[in-house]
Amino acid sequence: MSESTLEALGGGAAPPAQFGHDALVVCDNLVRIFQSGSVEVQALQGLDLLVDEGEMVAVVGASGSGKSTLLAVLSGMDAPTAGKVRVGRWDLMAMHASDRVAYRRTMVGFVWQQTSRNLLPYLTSRQNVALPMTGTPRRQRAARAGDLLDLVGVGHLADRQPHEMSGGEQQRVAIATALANEPQLLLADEPTGELDTTTAQEVFDALRTANREAGTTVVVVTHDQAVSGQVERTVAIRDGRTSSEVLRRHTGGDATHEEYAVMDRAGRVQVPKEYRDALALTRRVRLALEGDHVSVRPDGSAR
Ligand code: ADP
Ligand code: MG
C-alpha cells in the first residue's frame, strides 16, 4: 500500500495532500549524519521545515545546532542522509550531479558569512554581479548589475573592488550577486556575523528589500535573536530539529509576537527547559485532553 493511500485512510474524508505540497521549501524528517573516523555526528535529526513562496524566515539556534548543515542541503551543496527535501520542482534527495549544477545556477542564491568568500577580489562590484548572469544577453548585463546594486543601496560603489569597500558594503554587493540570476530562493548563512550592529542592520535591510521588491523567498541564518522583531517568522533549531517558531503579527498598528512550539508529524513536541524545570517535568508526564487544549503535568501530580 502506498504512503498516500495510508494517509488517506488515516486522514478520514479529507483528500490526501502531501506534507507541504504548496510550500516552496519542504524539509520532511531530514537527517544528516557526518561520519569522521569512528565518531558519528547527527547534525540534522529529523528536521521538519516548510517555507512558503514569498516568505522571509530567520533561522536561529546555538552554535552546532545544524543551521549551516540545513543551508548546505538547501543550496544543493550537500546531500542529506535521509528524509525528504524539495525546493520548488527540485527534489534535492534524488538529484543527479548535472541537475545539481542547474539547480544552483537557476534556483538559489547564496550569501556566506565570510565577506571574502562571496566576491572575486580583482573584479569591481558591477563585474561581480554580472559574472553569474548566464540568462541575460551580454549587452544588458552591466546595466542589470547596476540596477541590482541600486536595489540594495550600493549603486554608487559599482566601480569599486571589494578591498575598497567596508564589510557591510561588500555583503550588500554579495546580495546583489546572489540575485543576479533571479533565484526564487535566497539563502544567507550568518551574513552579518562579521559586522557591527549598524552595518548588520543595513545588510539585513538589503535582504528584506530583496524579499519585498524582488519577491525572492529568503532564509537567513543568524545568531542574533533580536532579528525576530524584524521578520514575520523566526524558526529556532535545537539539536538538529526545529523546536519553536515566533510569528510576528500586526493587529491594528501594533506588532505582537507569539511563540509556538513545533510539533513534528509523529506528534513530538519539545517542552522548553524553563517549563520542565518549573514543574519538575521529567521522564514521565501526564497528558490529558481537556476539551480545547492538552495539559502536561508532572508524574505523581493529583489528577
Ligand atoms: P551551526 O551552523 O548551527 O553552528 P553546523 O550545521 O555547522 O551547526 O554543525 C552541526 C553539527 O554537525 C556540529 O556538531 C558540527 O560539528 C557537525 N558538522 C558539521 N559539518 C561537519 C562535517 N563536514 N564533518 C563532521 N561534522 C560536521
Ligand atoms: Mg553555522
Side-chain angles (χ1 to χ4, degrees), residues 24-25 51-60 71 74-75 87-88 106-115 117-119 124-133 135-136 140-160 162 165-224 226-235 246-250 255:
L24 179 68
V25 177
V51 180
D52 285 334
E53 169 118 55
E55 265 197 301
M56 174 156 173
V57 176
V59 175
V60 299
L71 255 57
L74 292 179
S75 70
V87 177
T106 59
M107 189 69 192
V108 284
F110 205 94
V111 180
W112 302 91
Q113 173 175 352
Q114 298 90 343
T115 50
R117 238 176 125 175
N118 292 314
L119 301 173
T124 64
S125 302
R126 193 194 303 279
Q127 289 167 336
N128 263 294
V129 179
L131 192 66
M133 285 183 189
T136 311
Q140 294 166 22
R141 289 183 194 171
R144 205 176 116 62
D147 291 345
L148 284 169
L149 290 167
D150 282 338
L151 179 75
V152 294
V154 286
H156 58 295
L157 304 173
D159 296 318
R160 296 221 195 146
M165 295 184 284
S166 72
E169 289 166 347
Q170 289 178 48
Q171 289 302 67
R172 284 189 281 166
V173 175
I175 293 169
T177 305
L179 293 174
N181 279 332
E182 299 178 74
Q184 265 181 281
L185 179 64
L186 179 62
L187 303 168
D189 193 355
E190 308 209 32
T192 62
E194 290 183 349
L195 308 175
D196 62 71
T197 318
T198 318
T199 318
Q201 186 61 54
E202 288 167 2
V203 172
F204 213 78
D205 286 344
L207 287 173
R208 287 201 294 182
T209 303
N211 175 242
R212 286 185 191 158
E213 317 249 324
T216 315
T217 306
V218 177
V219 176
V220 52
V221 167
T222 174
H223 58 281
D224 185 1
V227 300
S228 57
Q230 301 186 33
V231 292
E232 299 285 316
R233 184 166 158 231
T234 303
V235 174
V246 174
L247 296 188
R248 186 161 151 269
R249 296 232 166 88
H250 289 278

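Contact between Q140 and T136 at its shortest, heavy atoms only, is CB-CG2, 3.9 Å. In this structure, A174 and V111 approach most closely via the heavy-atom pair O-CG2, 4.0 Å. Among all heavy-atom pairs drawn from P132 and A180, the shortest one is CG-CB, 3.9 Å. A pairwise comparison of heavy atoms in P183 and A178 identifies CG-O, 3.3 Å as the closest pair. Closest approach of F110 to L186, counting heavy atoms only: N-CD1, 4.3 Å. The shortest heavy-atom contact between A176 and V152 is CB-CG2, 4.0 Å.
Two residues are said to be in side-chain contact when any heavy atoms from C-beta on lie closer than 4.5 Å; Q170 and N118 fail this criterion. Between Q184 and E53, the closest side-chain pair of non-hydrogen atoms falls below 4.5 Å. Using a 4.5 Å heavy-atom cutoff, the side chains of P191 and L207 are in contact. Q113 is not listed as a side-chain neighbour of D189, based on a closest heavy-atom distance of 4.5 Å or more. Between M107 and L24 there is a side-chain heavy-atom pair separated by less than 4.5 Å. No side-chain heavy atom of L131 sits under 4.5 Å from any side-chain heavy atom of T177. Using a 4.5 Å heavy-atom threshold, the side chains of V220 and M56 count as touching. With contacts defined as side-chain heavy-atom distances shorter than 4.5 Å, the pair L149/V173 qualifies.
The distance from the CG atom of L151 to the CD1 atom of I175 is 9.5 Å, given to the nearest 0.5 Å. The distance from the CD atom of E182 to the OG1 atom of T106 is 11.5 Å, given to the nearest 0.5 Å. Note that the CE atom of M133 and the CG atom of N181 stand 7.5 Å from one another [nearest 0.5 Å]. With rounding to the nearest 0.5 Å, the separation of CG in L157 from CD in E169 is 5.0 Å. For the atom pair E213 CD and L179 CG, the distance stands at 11.5 Å (nearest 0.5 Å). Rounding to the nearest 0.5 Å places CH2 of W112 at 10.0 Å from CG of L187.
For the pair D196 (side chain) and T199 (backbone), a donor-acceptor distance under 3.5 Å is present. Panel note: side chain T217, backbone G54; a donor-acceptor pair is recorded below 3.5 Å. Although no hydrogens or angles enter the test, the distance criterion places no donor-acceptor pair under 3.5 Å between the side chain of R160 and the main chain of S125. Put simply, the side chain of T192 never gets that close to the backbone of L195: no donor and acceptor are under 3.5 Å apart.
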Subject >> Evaluation steps, side chain to side chain contact (heavy atoms under 4.5 Å, CB included), between T222 and V60 >> reply: CA-CA 5 Å; T222 174; V60 299; 4.0 Å; yes

Original post:
For E202 and R172, what are the C-alpha separation, side-chain angles and deciding distance, and is it a side chain to side chain contact (heavy atoms under 4.5 Å, CB included)?
Top reply: CA-CA 8 Å; E202 288 167 2; R172 284 189 281 166; 3.3 Å; yes

**OP:** Starting from the C-alpha separation in whole Å, work towards a yes-or-no answer on side chain to side chain contact (heavy atoms under 4.5 Å, CB included) for L74 and V108.
**Re:** CA-CA 8 Å; L74 292 179; V108 284; over 6 Å; no

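Counting only N and O atoms by type, the side chains of Q201 and Q230 include a donor and acceptor under 3.5 Å apart.
Ion pairing of R144 with D147 is absent here, as no side-chain N (NZ or NE/NH1/NH2) approaches a carboxylate O to less than 4.0 Å.
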